[in-house]
Amino acid sequence: MIETVLRGEVPKLCSVVFAQRGELRVTQVGREAVLGTRDFALCDSSRPLSVRIAGQERATVVRAHVPRAMLPLSTRQIDRLLVTRLSGQEGTGALFARFLSGVTADRDSYRPADVARLSAVALDLLAAALAHHVDTPAEVPDESGQRSLLLSVETFVREHLHDPNLSTRAVAAAHHISVSYLHRLFRTRDTTVTTLIRHQRLEGVRRDLTDPRLRDVPVHQIAVRWGFRGHAAFTRTFRAAYDIVPSDYRRRALGLPV
């Protein structure tokens, strides 16, 4: 068992304790939270903090600090969240956890300018995750909250393109927002969720059609793999986007006889 006690580091800072692997027991000022893999907790950096391994296996912990003033929540709301388990398995919490895992895994490859940009993204994702847990999404500043939510939606779409049931309604439900609000959100991108889904599916099919390793896989199977339901409808959609039917596109891309 490993115990780390940190005392009064810097006033007015919050500390994010992220269990990248294993279980952690976080204790501060009479509160305790047990974190599983990919869970995280918000702590007060100005108070004594204990972080210990909770299970029998080794654990990896990541800590990040953020000024309280940069969190779009009131002092009362932040205090309510201190030393509570915040899930990194779903919703905006999962997006924040994945981002933090990716950033720390490849930290040696970043330049100073990259760090500033990545910090801004991390702050936006953290703000969205915290706002979700206090049930006050409206209190996240418009620009920050919308940017985080758009990033979450786009990530969700990319991860579910293979699901034929992926739709605007499904995306809205997964993010606990109304369909109408989702439509308003995407007006800032001059597009719609339906258009985003269709475009990314078509791009996935197009890439697979140019892959020599997949030359023997029938076109309709590739289309189904990317979430298209009917072959005829898919062919029309592909031709409308690229001005060529998918079978001819593959032959041209791979240098096969037409």
Side-chain angles (χ1 to χ4, degrees), residues 72 90-99 102-103 114 116-132 136-211 219-220 222-250 252-253:
E90 58 188 7
T92 52
L95 189 62
F96 173 68
R98 287 198 297 269
F99 180 83
V103 166
D114 297 327
R117 298 187 189 98
L118 293 172
S119 296
V121 174
L123 180 61
D124 282 347
L125 295 176
L126 175 62
L130 295 179
H132 170 75
T136 56
E139 296 191 26
V140 179
D142 288 343
E143 184 178 352
S144 173
Q146 288 183 5
R147 188 164 62 244
S148 297
L149 187 53
L150 278 167
L151 181 60
S152 178
V153 167
E154 289 168 349
T155 300
F156 181 86
V157 167
R158 283 196 301 271
E159 293 178 348
H160 293 82
L161 289 173
H162 304 286
D163 182 357
N165 294 316
L166 181 64
S167 64
T168 300
R169 187 173 298 277
V171 172
H175 290 81
H176 310 289
I177 59 177
S178 67
V179 171
S180 60
Y181 180 77
L182 184 60
H183 285 314
R184 291 198 302 273
L185 187 69
F186 266 75
R187 287 175 190 163
T188 63
R189 297 288 179 91
D190 293 324
T191 187
T192 65
V193 178
T194 300
T195 301
L196 175 68
I197 293 172
R198 182 174 61 248
H199 172 72
Q200 294 203 2
R201 280 176 169 164
L202 284 170
E203 283 296 288
V205 171
R206 187 184 63 80
R207 287 193 300 270
D208 283 356
L209 291 176
T210 64
D211 189 340
V219 171
H220 73 272
I222 291 177
V224 169
R225 184 183 301 171
W226 284 99
F228 287 101
R229 292 180 182 273
H231 181 62
F234 156 70
T235 300
R236 288 194 299 270
T237 302
F238 190 96
R239 184 168 189 171
Y242 302 110
D243 199 29
I244 188 173
V245 296
S247 55
D248 288 347
Y249 181 87
R250 166 186 265 177
R252 182 180 298 178

Notebook entry, point to check: So how far is it from Leu95 CG to Leu126 CG, rounded to the nearest 0.5 Å?
Noted result: 11.5 Å
Next item on the list: Determine, step by step, whether Ser178 and Ser180 satisfy the side chain to side chain donor-acceptor pair (under 3.5 Å) criterion, reporting the C-alpha distance in whole Å, the side-chain angles of both residues, the deciding distance to 0.1 Å, and the verdict.
Entry: CA-CA 5 Å; Ser178 67; Ser180 60; 3.1 Å; yes
Next item on the list: Report the distance from atom OG1 of Thr192 to atom CG of Leu185, rounding to the nearest 0.5 Å.
Entry: 12.0 Å
Checklist line | Sub-4.5 Å side-chain heavy-atom contact between Arg169 and Leu182 | finding: no
Check: Given side chains that start at C-beta, do those of Arg239 and Arg236 come closer than 4.5 Å, heavy atoms only?
Finding: no
Notebook entry, point to check: When you look at CG of Asp243, are more than 12 heavy atoms from neighbouring residues, nucleotides or ligands closer to it than 6.0 Å?
Noted result: no
Checklist line | Non-hydrogen atoms of His175 and Ser152 that approach each other most closely | finding: NE2-OG, 2.9 Å
Next item on the list: Look up atom CG in Leu196 and atom OG1 in Thr191, then write down how far apart they are to the nearest 0.5 Å.
Entry: 6.5 Å
Checklist line | Note, Asp124 side chain near Leu151 side chain (heavy atom, < 4.5 Å) | finding: no
Margin query: According to ring pair (Phe, Tyr, Trp, His ring centres under 6.0 Å), who are the partners of His199, at least two apart in sequence or on a separate chain?
Written below: none
Check: Got Arg225 and Leu161 here, is their nearest side-chain heavy-atom distance under 4.5 Å?
Finding: no
Next item on the list: Indicate yes or no: at least one non-hydrogen side-chain atom of Arg201 is less than 4.5 angstrom from one of Val205.
Entry: no
Next item on the list: Mind listing the closest non-hydrogen atom pair of Leu202 and Ala241 along with its distance?
Entry: CD1-CB, 3.7 Å
Next item on the list: Can you see which heavy atom on Ala129 is nearest to which on Thr92, and at what distance?
Entry: CA-OG1, 3.3 Å
Notebook entry, point to check: How are the rings of His162 and Trp226 set to each other: parallel, tilted or perpendicular (split at 30° and 60°)?
Noted result: tilted
Note to self: Just so I know, are the side chains of Val171 and His160 near enough to count as touching, which here means a heavy-atom distance under 4.5 Å?
What the structure shows: no
Note to self: Nearest 0.5 Å, please: how far is CZ in Arg207 from CG in Leu209?
What the structure shows: 11.0 Å
Notebook entry, point to check: Is the closest side-chain heavy-atom distance between Val245 and Phe238 below 4.5 Å?
Noted result: no
Next item on the list: Quick one: list whatever passes ring pair (Phe, Tyr, Trp, His ring centres under 6.0 Å) with Phe228, sequence neighbours left out.
Entry: Phe234
Next item on the list: Could you tell me whether Glu159 atom CD has more than 12 heavy atoms of other residues or ligands within 6.0 Å of it?
Entry: yes
Item checked: Smallest separation among heavy atoms of Ala170 and Asn165, with atom names -> CB-O, 4.0 Å
Notebook entry, point to check: Taking the side chain as C-beta and beyond, is there a heavy-atom pair between Ile222 and Arg250 under 4.5 Å?
Noted result: yes
